[in-house]
2 protein chains.
Amino acid sequence: MPRTSTKAPAPAGRLASDYRLEDQVGFLLRRAYQRASSNLVDRIGSYDLTAPQYATLARLYERGALSQNLLGRLVAMEPANIRDVVLRLKKRRLVATRRDPTDKRLILIDLTAAGTALVEQLIPIEIACTATTLAPLKANERKQLYDLLGRLADG
Amino acid sequence: MPRTSTKAPAPAGRLASDYRLEDQVGFLLRRAYQRASSNLVDRIGSYDLTAPQYATLARLYERGALSQNLLGRLVAMEPANIRDVVLRLKKRRLVATRRDPTDKRLILIDLTAAGTALVEQLIPIEIACTATTLAPLKANERKQLYDLLGRLADG
DNA sequence: TCGATATCGTTATGATCATAACAATATCGG
DNA sequence: CCGATATTGTTATGATCATAACGATATCGA
């Protein structure tokens, strides 16, 4: 006679009994990113901007005009994805595009005056948001986290 | 006469000169998750499974049958999202669904035999994949990372 | 010069994601 | 008992994401 009902919650039961999803970095990273992203949307959502859109604007603010492809690499987005983001930002007149005269393959993206003004407004909000996300960590732990995450991301 | 052309790359120029996108946790977390997710797809992509799909199967393997809603919470997915994942897994006969007899609102999800067999095949691959992702870190650093990420994710 | 190769942007497909609104069912308090 | 409230699952909308295939343009080497 089996110990409990076959329909029971099956606390651990089968094989690989010591495996836990929580022990997989990918799962942890996904949840941590969800939290960070949620914090950002809570703060800048009223501007109707997503985290990738903000990152795109911020990168343009840092670097000035960039080709669409390079811009994508600098915000870690595939060509097909950065294209859509740029289209949405362009529709809102936050960025402007023009063709590179010397290399006809390239589309140069740059902030408009409105885009620049918006980024300058959002940067302090983003910094506060980062502080919120990092709130559970002490100062030295935050530094450590940056080091570890940076090495993970760069492979 | 201005020092350079107005159209120049604008290395730093404007306001908030010390702001860097790299200093924002969200951006770092997103890139690190991209890396981890990419590592997983490289290894289990031939099974036509994504990271969230694998997480769903793994959770069911750990816990046995769960309501769709609870399952979603346990893999950090919104109700609308876990629904789509379950539909795809169900279409491939990796999970089966039935209504809870005592609470007619609930849909109970459980692994099929094929689903169970697949998870048992994938678990060692996932563990190896996690090792790959963590390769840049030493043992004590990995432990530290888990601690920090866990606290971030839980808020 | 010219052909192979590489890069850039586009298109298409399919899978996450989050949010809001909604119907059906449970639960709880008076 | 029964109405207010909460929970579950669905639907719709819109924004990421990754991948593959493709034309256009650049670049490089023979």
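All values below come from the heavy atoms of this structure, side chains included, with hydrogens, waters and symmetry mates left out. Here is the naming used below: chain letters follow the sequence lines, and residue numbers restart at 1 for every chain.
Taking the C1' atoms of five terminal pairs at each end of the helix from C:dT1-D:dA30 to C:dG30-D:dC1, the two resulting helix axes are inclined by 30°, rounded to 10°.
No single ILVMFWY cluster, assembled from side-chain heavy atoms under 4.5 Å apart, contains both B:V25 and A:L40.
In terms of modelled atom types and a separation under 3.5 Å, the side chain of B:Q144 and the main chain of A:Q144 share no donor-acceptor contact. A donor-acceptor pair is defined here as one N or O able to donate and one able to accept, closer than 3.5 Å; such a pair exists between the side chain of A:T112 and the backbone of A:L94. Panel note: side chain A:E62, backbone B:L21; a donor-acceptor pair is recorded below 3.5 Å. A:Y146 contributes a side-chain N or O that, together with a main-chain N or O of B:D23, makes up a donor-acceptor pair within less than 3.5 Å.
Protein atom CG of A:N39 is 15 Å distant from nucleotide atom C1' of C:dA18, rounded to whole Å. Taking atom CG of A:D84 as the reference point, atom P of D:dA18 lies 12 Å away to the nearest angstrom. Counting to the nearest Å, the C1' atom of D:dA18 and the CG atom of A:N81 are 7 Å from each other. The nearest whole Å value for the distance from the CG atom in B:L29 to the P atom in D:dT16 is 18 Å. The distance between atom CZ of A:R92 and atom C1' of D:dA15, rounded to the nearest whole Å, is 12 Å. Rounded to an integer number of Å, the gap from B:L89 CG to C:dA15 C1' is 12 Å. A:E78 has its CD atom 5 Å from the P atom of D:dA18, to the nearest Å. Here C:dG14 presents its C1' atom at 14 Å from CG of B:L87, a figure rounded to the nearest Å.
Side-chain polar atoms of A:T132 and A:N39 form no donor-acceptor pair below 3.5 angstrom.
A:N81 pairs by the side-chain hydrogen bond (donor to acceptor under 3.5 Å, both in side chains) definition with nothing, not counting sequence neighbours. For B:R30, the salt bridge (Lys or Arg N to Asp or Glu O under 4.0 Å) criterion is met by no residue, not counting sequence neighbours.
Using a 4.0 Å cut-off between a side-chain N of Lys or Arg and a carboxylate O of Asp or Glu, A:E141 and B:R151 qualify as a salt bridge. The pair B:D100-B:R105 does not count as a salt bridge, with every side-chain nitrogen at least 4.0 angstrom from each carboxylate oxygen. A salt bridge between B:E22 and A:R59 is present, with a side-chain N of the basic residue lying under 4.0 Å from a carboxylate O of the acidic one. A:D154 and B:R31 are joined by a salt bridge, as a carboxylate oxygen and a charged side-chain nitrogen come within less than 4.0 angstrom of each other. The residues A:R43 and A:E126 are annotated as not salt-bridged, no charged nitrogen and carboxylate oxygen being separated by less than 4.0 angstrom. Contact check on B:K143 versus B:D147 returns no salt bridge, with no Lys/Arg side-chain nitrogen under 4.0 Å from an Asp/Glu carboxylate oxygen.
Using a 4.0 Å cutoff on non-hydrogen atoms, the parts of residues 40-59 of chain A near DNA chain D are A:T50, A:P52, A:Q53, ordered by number. Shown for residues 126-135 of chain B: no residue has heavy atoms falling under 4.0 angstrom of DNA chain D.
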Exercise. Could you run down nucleotides 2-10 of chain D 5' to 3' and tag each one B, S or - for protein heavy-atom contact under 4.0 Å?
Worked result: -----BSSB
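Of the side-chain N and O atoms in B:R30, none sit less than 4.0 angstrom from OP1 or OP2 of D:dT16. Dashed line: the shortest gap from a side-chain N or O of A:Q34 to OP1 or OP2 of C:dA18 is under 4.0 Å. Residue B:Y33 has no polar side-chain atom (N or O) positioned under 4.0 Å from OP1 or OP2 of D:dT16.
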